[in-house]
Structures are given as structure tokens and as C-alpha cells.
Amino acid sequence: MLSNYYTSYLNISKKALLHNFKTIQEAYPTSHKSGMAAVVKANAYGHGIEPIASWLENEVDFFCVARVEEAIKLRQLGIHKDILVFTAVTPLTAAAYVANNLIATFSSWQDFDLLPKNTRIHINIDTGMGRLGIPIYEWESIVDRWEQLNTKFHLEGIYSHFSDAEDVSAEVSVDQVEAMKHIRSRFEHENICIHFANSAAAACNWKLAGADSMLSSRSP
């Protein structure tokens with residue numbers, strides 16, 4: 001087997017990882033109640049999901065993965081923190097969220113009938129990424145059906161994703177920030193987590209765009 005002859009390896013520094021985490025965390029003022037989530041999809045981007053998740057479990061507010069099977073693996077590894085699954089719900093995965101105490105991404109109104117009662121959900125709003133989520137021009141439908149959503153599910157969050165987070169001045173980025181600020185103001189009295197900034201956005205000076213508290217913020 002060719003795999004027996006691989007000579008490449010990767011050393012991961014726990015000290016460096018935690019230092020980088022603290023650096024980002026300290027860049028955001030505590031007055032905004034900002035939190036942080038660790039995205040560990042694709043085997044923690046090839047760095048090893050088991051060590052990375054175990055090192056960060058006591059630091060982060062929750063974990064994010066791409067697929068349900070990744071989330072279940074984290075549970076099997078003994079991870080107890082909340083886990084948000086990014087990909088869309090399917091008939092095959094719908095029951096797995098409650099069974100494994102996972103958070104589903106609610107990205108289409110079809111999910112309302114697909115997900116069982118008491119599923120924990122974060123609503124994904126497409127503010128410009130164009131991949132998944134309820135289109136921004138339909139976001140008022142969330143307001144209209146808020147009580148209905150809260151009655152069936154544990155509605156715990158709303159999030160979106162930058163399409164070009166590396167470019168602070170990009171028109172689409174500014175538009176996305178304004179859209180999320182508007183949405184956040186509408187739900188500021190709800191006890192939900194609103195998260196938006198990926199690593200690139202967190203590293204940029206988003207204070208210029210008024211998004212300094214959108215790394216992850218929970219309403220009072």
C-alpha cells in the first residue's frame with residue numbers, strides 16, 4: 001500500500017492555537033458580549049478534529065461543522081459543547097439533530113416540515129453569499145412566522161456569511177453588514193445568538209464597517 005510510504009507529517013502546537021484564539025478574542029470588546037465559535041469541519045481543516053476540538057472545548061461558545069456525521073463524531077469523542085451543522089437538512093439527517101443534541105441550520109421554509117419538534121435551530125440568512133439560506137429579500141417572513149417557529153423549535157440563533165470578507169471596502173461586504181445590522185436591531189430583544197464574522201472578517205478591521213460586535217453576539 002502506498003500509504004505506508006508517506007513521509008509527510010504536520011506538527012500542531014496547542015500553545016500556538018490557544019494564543020491565536022486569545023488574540024482574536026481580546027480584539028473584541030467585552031461590552032458587546034461577543035463570543036466565539038470554532039469551525040472544525042473537514043477534520044478541522046486537516047489539522048485533526050480530535051485534538052483541536054478537545055483543546056478548544058473550554059474556550060469556545062460552540063463548534064461548527066459542515067456535516068451531521070462530523071457532529072456525531074464530535075459527540076463520540078466526548079465533546080459536550082453545542083455543535084452547529086452548516087449544511088442543509090435532508091430527510092436522512094432530520095432526526096439526527098434531536099437524537100444527538102445538535103443545532104440544525106434552518107435555511108429553507110421546507111425545513112419547517114422536515115425537522116421534528118424541539119429541534120434546536122439557527123436561521124441562515126443569505127445576505128450575499130449565494131450558497132445557502134433564506135434570501136435576504138424574504139427575511140421579513142421570519143418576523144411573520146417568529147411565533148410559529150418558536151412554538152415548534154428551539155430558535156437559538158441567526159447567522160449569515162460574508163462572500164468577500166477579506167475586502168472591507170467591497171460594496172457587497174458593506175451591504176451585507178448593513179443587512180445584518182438591520183436584522184439584529186429587529187431581534188435585539190430576543191435571547192438569540194447572532195453570528196456573522198468568519199476568520200477573515202474577524203481579522204479585518206470591521207469596526208470601520210460597524211460590524212465590530214458581530215463575531216458572535218447574544219441579545220440580553
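Because only heavy atoms are used, hydrogens play no part in the values below, and waters and symmetry mates are left out as well, while side chains stay in.
Here Arg120 pairs with Asp82 in a salt bridge; the nearest charged N to carboxylate O distance falls below 4.0 Å.
Going from atom OG1 of Thr23 over to atom CD of Gln25 covers 10.0 Å, rounded to the nearest 0.5 Å. Taking OG1 of Thr119 as the start and CG of Leu155 as the end, the distance is 11.5 Å to the nearest 0.5 Å. Atom CG of Asn100 and atom CD1 of Ile83 lie 8.5 Å apart (nearest 0.5 Å). Asn124 CG to His122 NE2: the interatomic distance, rounded to the nearest 0.5 Å, is 11.0 Å. Annotation: the span from Ile192 atom CD1 to Ile121 atom CD1 amounts to 10.0 Å, rounded to 0.5 Å. Rounded to the nearest 0.5 angstrom, Leu114 CG and Trp109 CH2 are separated by 14.0 Å.
Annotation: cation-pi pair Arg186/Trp139 absent, no NZ/CZ under 6.0 Å from the ring centroid and within 45° of its normal. Because its NZ or CZ atom is both nearer than 6.0 Å to the ring centre of Phe112 and within 45° of the ring axis, Lys152 counts as a cation-pi partner of that residue.
Considering every non-hydrogen atom in both Val68 and Val85, the closest pair reads N-CG1, 3.7 Å. His47 and Pro51 make their closest contact through O-CG, 4.3 Å (heavy atoms, listed as atom of the first residue, atom of the second, distance). Contact detail for Val98 and Pro116: the closest heavy-atom pair is CG2-CG, 4.2 Å. Between His154 and Asn118 the shortest heavy-atom distance is CD2-O, 3.0 Å. Taking each heavy atom of Leu56 and Ala38 in turn, the nearest pair found is CD1-CB, 3.8 Å. For the pair Gln176 and Ser160, the tightest heavy-atom approach, listed with the atom from each and the gap, is NE2-OG, 4.5 Å.
With a 4.5 Å cut-off on side-chain heavy atoms, Thr87 and Thr93 do not count as touching. When side chains are defined from C-beta on, Leu132 does not count as touching Thr105, because their heavy atoms never get closer than 4.5 Å. Side-chain contact between Phe162 and Thr127 is absent, with no heavy atoms from C-beta onward closer than 4.5 Å. Ile123 is listed as a side-chain neighbour of Ile142, based on a closest heavy-atom distance under 4.5 Å. Side-chain contact between Tyr45 and Val40: absent, with no pair of heavy atoms (C-beta onward) separated by less than 4.5 Å. Side-chain contact check for Ile24 versus Met36: some heavy-atom pair is nearer than 4.5 Å. For the pair Val60/Phe21, a side-chain contact is recorded, criterion being any heavy-atom separation below 4.5 Å from C-beta on. With a 4.5 Å cut-off on side-chain heavy atoms, Ile134 and Phe106 count as touching.
Pairs passing the salt bridge (charged side-chain N to carboxylate O under 4.0 Å, His left out) check and including a residue from residues 37-54, sequence neighbours excluded, do not occur. Counting only residues at least two apart or in different chains, side-chain hydrogen bond (donor to acceptor under 3.5 Å, both in side chains) contacts with residues 64-78 comprise Arg67-Glu69.
By the rule that hydrophobic residues join a cluster once side-chain heavy atoms approach within less than 4.5 Å of another member, Val172 and Val174 end up as members of separate clusters. Cluster membership for Ile79 and Leu17, using ILVMFWY side-chain heavy atoms within less than 4.5 angstrom, is shared. One hydrophobic cluster, built from ILVMFWY side chains closer than 4.5 Å, cannot hold both Met129 and Val39; they sit in different ones.
Other residues, nucleotides and ligands contribute only 12 or fewer heavy atoms inside 6.0 Å of the NZ atom of Lys15. Counting heavy-atom neighbours within 6.0 Å of Glu171 CD, excluding the residue itself, gives a total of 12 or less. By the 6.0 Å contact criterion, CG on Leu92 is open, its count of non-hydrogen atoms from other residues, nucleotides or ligands being 12 or less.
Judged by distance alone, with hydrogens and angles left aside, the side-chain atoms of His182 form no donor-acceptor pair with the main-chain N or O of Met180 at under 3.5 Å. Listed for the Asp126 side chain is no donor-acceptor partner under 3.5 Å among the backbone atoms of Ile136. With hydrogens and angles disregarded, a donor-acceptor distance shorter than 3.5 Å links the side chain of Thr151 to the backbone of Glu147. Proximity of a side-chain donor or acceptor of Ser108 to a complementary backbone N or O of Gln110 within less than 3.5 Å is detected. Between the side chain of Glu59 and the backbone N or O of Leu18, no donor-acceptor pair lies under 3.5 Å.
Remark: aromatic rings of Tyr159 and Phe196 are distant, center separation not under 6.0 Å. Ring centers of Phe187 and Trp146: under 6.0 Å apart, within the cut-off. His195 has its ring centre less than 6.0 Å from the ring centre of Phe62.
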Inset, instruction - Please test Leu10 against Ile12 for side chain to side chain contact (heavy atoms under 4.5 Å, CB included), starting from the C-alpha separation and ending with a verdict. - result: CA-CA 6 Å; Leu10 183 65; Ile12 306 297; 3.5 Å; yes
